[in-house]
Student: 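Before I ask anything, let me first share the structure, which is written out below as C-alpha cells.
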Amino acid sequence: MMPKTIQRMLTVITCLLLFWTVMAESVSALEARDRTELWRDIDEYMSRSMKANHIEGASLSISLNDKTFYAKGYGTFGENQSITDETPLPIASLSKSFTALAVLQLVDKGRIDLDEAYASYFPELAPQDPRVHDITVRHLLNQTSGLTDGTNPDMTRTPQFQALHEANRLLNEVELAHKPGTTYSYHNPNYMLLANLVESISGERFSAYLNRHIFKPLGMNHTYSVSTTHHINGNEAIPPGHYSILGRSVSRSEPLWFIDGPAGIVSTAEDMSRWMIAQYSGDLLPPALMNEFHSAGDVSPYGMGWLPDQDPASGRTISHSGIFWTYKSEETVYLDEQMGITVMFNSGLNVFVNYSGIIDGVAALMRGEQPNISFLNDRNMSMIMMALILATLVWGIYTSIRIRRKKKRLTIGMFLLISVIRLIPALILLSLPPLLTFIGGGRVLPWSGLWTTLSSPIIWLVVWSLVNFVHVACYYNVYAHYAKNSQSMANNP
C-alpha cells in the first residue's frame, strides 16, 4: 500500500515539475519575444530621430538592473564601416563624473579632504587674488570656485594648455569673478584642476589613474582618456564628427581644445552600460561618499559631475550632457528604477536638435509608452530657415526696386534713421558671442563654435544684413540725388 502511495506522490510531483518547466519556458519565450519587439521599436525610434535631425551616426546604451539591456550602434563611417556597440566615441563632459569619482576615491583613502583648500596641496602657488586660497576641492567639484569663462578663458584660450600641471598657472594670474562657494558657474578648468590634483596626489598620470582604478575594475576595457581633441581627430577608429548646415550634415575636425579632466574620455556603448550599472549597484564608494557623489551642491543643482534630480514618476535621477562642436552625448541614470540610458552622437551641438529629448523617448519606450518626434527638429527648422533666406532675398530685391523708384524727398535725418534701423541684423550678428554668453550662464564661445551651433541662423542674418546694406546704399543714392537737385535749384533760382 505504502509503495503505491509513494509512487502516486512521485507521479504528481513529476507532473507538477513538468508543468512548471513548460510554464517557465513559455514565460521565457514571451519575455524574449517582448524584448525583441522592444528592441525593434527602439531601433525604429532611433532611426527616425537621427533622420529628422540629420545625425550621421550614434551609439545607444541601456542598462537595466545589473545587466546591459541593449547596446547598439547606428550609421556608418569611413569605408562604409558600421558603427557598433564597440565603436569608440567621445563622451565629452560626461567625463566629469569620472573625474569626480577619482577625487572621491582618494577622499575615501584619506588622501584628499573635500573641504580643504585646493592651494594647500600646492604650496608653490602664489595667486594675485588672495581669495584663490579659499577655493576648496568641493567648490571645484560643485563649479562654485569663482572661476568663470569671462575671467579665465577656456575654449577661447590661445594657446591651449598642453599638460595638466599648466592649469595651476591660471590660479596665480586670475582674478575671481565671485567669492568661492557663493555662485555657480559652469567652467571646465575646475575639472582640469581636479584632474591635476588626482595626478599630483596619486603619483600617476591622470589617464593611467582612470584606467587602473576605474575603467579596468568596472570592465570598461575599450574606454580611455585623451588630453586634447587632436587625439580624437587623429584616431581612425573614431567616426569623424559633423555639424549641420541648412539640413546638410558636414564632416569636420574638432577644433583644438585641452580636455584632460573635464571632457577627455572616449568610450563605447557596451562600456557605458557598465558605468551606469555601477551608479546604482553600490560598489563604487562607501554609502556616505556615494550619497555625496549623487547629491546636488549647496548653491545650485550641480553636484559632483552630475545633475541630480527627483522625478515624480521615476524617482531619483542623475544626468549630464556632453558637448563638443562635432560630437554630442547624453546620459541619464534612473537610480530608483535601476535603469540607465546613454546616447553618443558624431554630430555636435545644434540649436535645432533636442538631444536630451532622444533619451526621454527611449525611456518612454522602456516604460511601455509611445514617444513623439518633436516638430522642432533640424529637418523642419532647416526647411524653415531656407524659406526664410529665400523670402529675405525676394524681399530685398523687391524693396531695392521700390527704393530706386522712390519719388519722395529724403532728408538727412530720415536717411540716418533708416540706416540705423537697417543695421539691426548686422548688430545682432556681431552681438551673438556676448548674447549667447549671457543666455548660456557665462560660457564664452569661440566663433567656430557659434558657426557649428547656429550655422543656419547665421547664414540668414548674413543674408539679411547684406540685403540691408544694399538698401542703405539705395537710400543714399536717393538722398544724394535729391540733395544734388536741391543744390542745383538753389544755385539757379
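What you see is a predicted model; the values in this text were computed from it and never measured.
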Student: Nearest 0.5 Å please: distance from the CG atom of N196 over to the OG1 atom of T99.
Tutor: 12.0 Å
Student: In terms of relative ring orientation, are W306 and F293 parallel, tilted or perpendicular, with 30° and 60° separating the classes?
Tutor: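 Plane angle over 60°, so perpendicular.
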Student: In this structure, which one of T228, D154, N188 forms a side chain to side chain donor-acceptor pair (under 3.5 Å) with W257?
Tutor: D154
Student: Nearest 0.5 angstrom please: K96 NZ to N190 CG, how far?
Tutor: 9.0 Å
Student: Output the distance between atom CG (D41) and atom CD (Q370), rounded to the nearest 0.5 Å.
Tutor: 6.5 Å
Student: Out of curiosity, R316 CZ to H294 NE2, how far, rounded to the nearest 0.5 Å?
Tutor: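 Separation between the atoms: 8.5 Å.
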Student: For a quick test of your reading: what N or O donor-acceptor pairs under 3.5 Å do the side chains of residues 219-226 make, sequence neighbours left out?
Tutor:
residue: T223; atom: OG1; partner: S267; partner atom: OG; Å: 2.8
residue: T223; atom: OG1; partner: D271; partner atom: OD2; Å: 2.7
residue: Y224; atom: OH; partner: N235; partner atom: ND2; Å: 2.9

Student: Please tabulate, for side-chain N and O atoms in residues 431-446, each donor-acceptor pair with protein atoms closer than 3.5 Å (sequence neighbours left out).
Tutor:
residue: S431; atom: OG; partner: L427; partner atom: O; Å: 2.7
residue: T437; atom: OG1; partner: P433; partner atom: O; Å: 2.9
residue: T437; atom: OG1; partner: R443; partner atom: O; Å: 3.0
residue: R443; atom: NE; partner: D149; partner atom: OD2; Å: 3.2

Student: Side chains of E254 and T326: do they bring a donor and an acceptor to under 3.5 Å?
Tutor: yes
Student: Given 3.5 Å as the limit, does a donor-acceptor pair link the side chain of E56 with the main chain of S249, or not?
Tutor: no
Student: Below 30° counts as parallel, above 60° as perpendicular, anything between as tilted: where do the rings of F215 and F98 land?
Tutor: perpendicular
Student: Indicate the ring-plane relationship of Y302 and Y186, choosing parallel, tilted or perpendicular according to the 30° and 60° boundaries.
Tutor: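 Perpendicular: the ring planes of Y302 and Y186 meet at over 60°.
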Student: To the nearest 0.5 Å, what is the distance between CG (L210) and CZ (F206)?
Tutor: 4.0 Å
Student: For the residue pair E331 and W275, what are the closest heavy atoms and their distance?
Tutor: OE2-CD1, 3.2 Å
Student: Ignoring hydrogens, what is the shortest heavy-atom contact between N211 and P217? Give both atom names and the distance.
Tutor: O-CD, 4.1 Å
Student: Would you please say whether a donor-acceptor pair under 3.5 Å links the side chains of S63 and Y280?
Tutor: yes
Student: Taking the ring of H471 and the ring of W395, is the distance between their centroids below 6.0 Å?
Tutor: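 Yes, close enough.
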Student: Taking the basic N atoms (NZ, or NE/NH1/NH2) and the acidic carboxylate oxygens, is any pair closer than 4.0 Å for E330 and K328?
Tutor: yes
Student: Looking just at side-chain N and O atoms, do N350 and D378 make a donor-acceptor pair shorter than 3.5 Å?
Tutor: yes
Student: Any non-hydrogen side-chain atom of L285 less than 4.5 Å from a side-chain atom of L101?
Tutor: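 In short, these two side chains touch, coming nearer than 4.5 Å.
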Student: Regarding S319 and T332, do their side chains bring together a donor and an acceptor under 3.5 Å, going by distance alone?
Tutor: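 There is no such pair (donor and acceptor under 3.5 Å, judged by atom type) between the side chains of S319 and T332.
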Student: Give, for atom CG of L60 and atom CG of D85, the distance between the pair rounded to the nearest 0.5 Å.
Tutor: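 Atom-to-atom, L60:CG and D85:CG are 10.5 Å apart.
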Student: Under 6.0 Å between ring centres: does that hold for Y355 and F345?
Tutor: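 Yes, they do, as the ring centres are separated by less than 6.0 Å.
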Student: Can you tell if the side chain of Y243 reaches within under 4.5 Å of the side chain of L349, non-hydrogen atoms only?
Tutor: no
Student: Taking distance alone, no hydrogens or angles, what donor-acceptor pairs closer than 3.5 Å link side-chain atoms of residues 455-463 to residues at least two apart or in another chain?
Tutor:
residue: S455; atom: OG; partner: S244; partner atom: O; Å: 2.7
residue: S456; atom: OG; partner: L246; partner atom: N; Å: 3.0
residue: W460; atom: NE1; partner: T392; partner atom: OG1; Å: 2.9

Student: Could you verify whether a donor N or O on one side chain and an acceptor N or O on the other, from N354 and S356, lie under 3.5 Å apart?
Tutor: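 Indeed, the side chains of N354 and S356 share at least one donor-acceptor pair under 3.5 Å.
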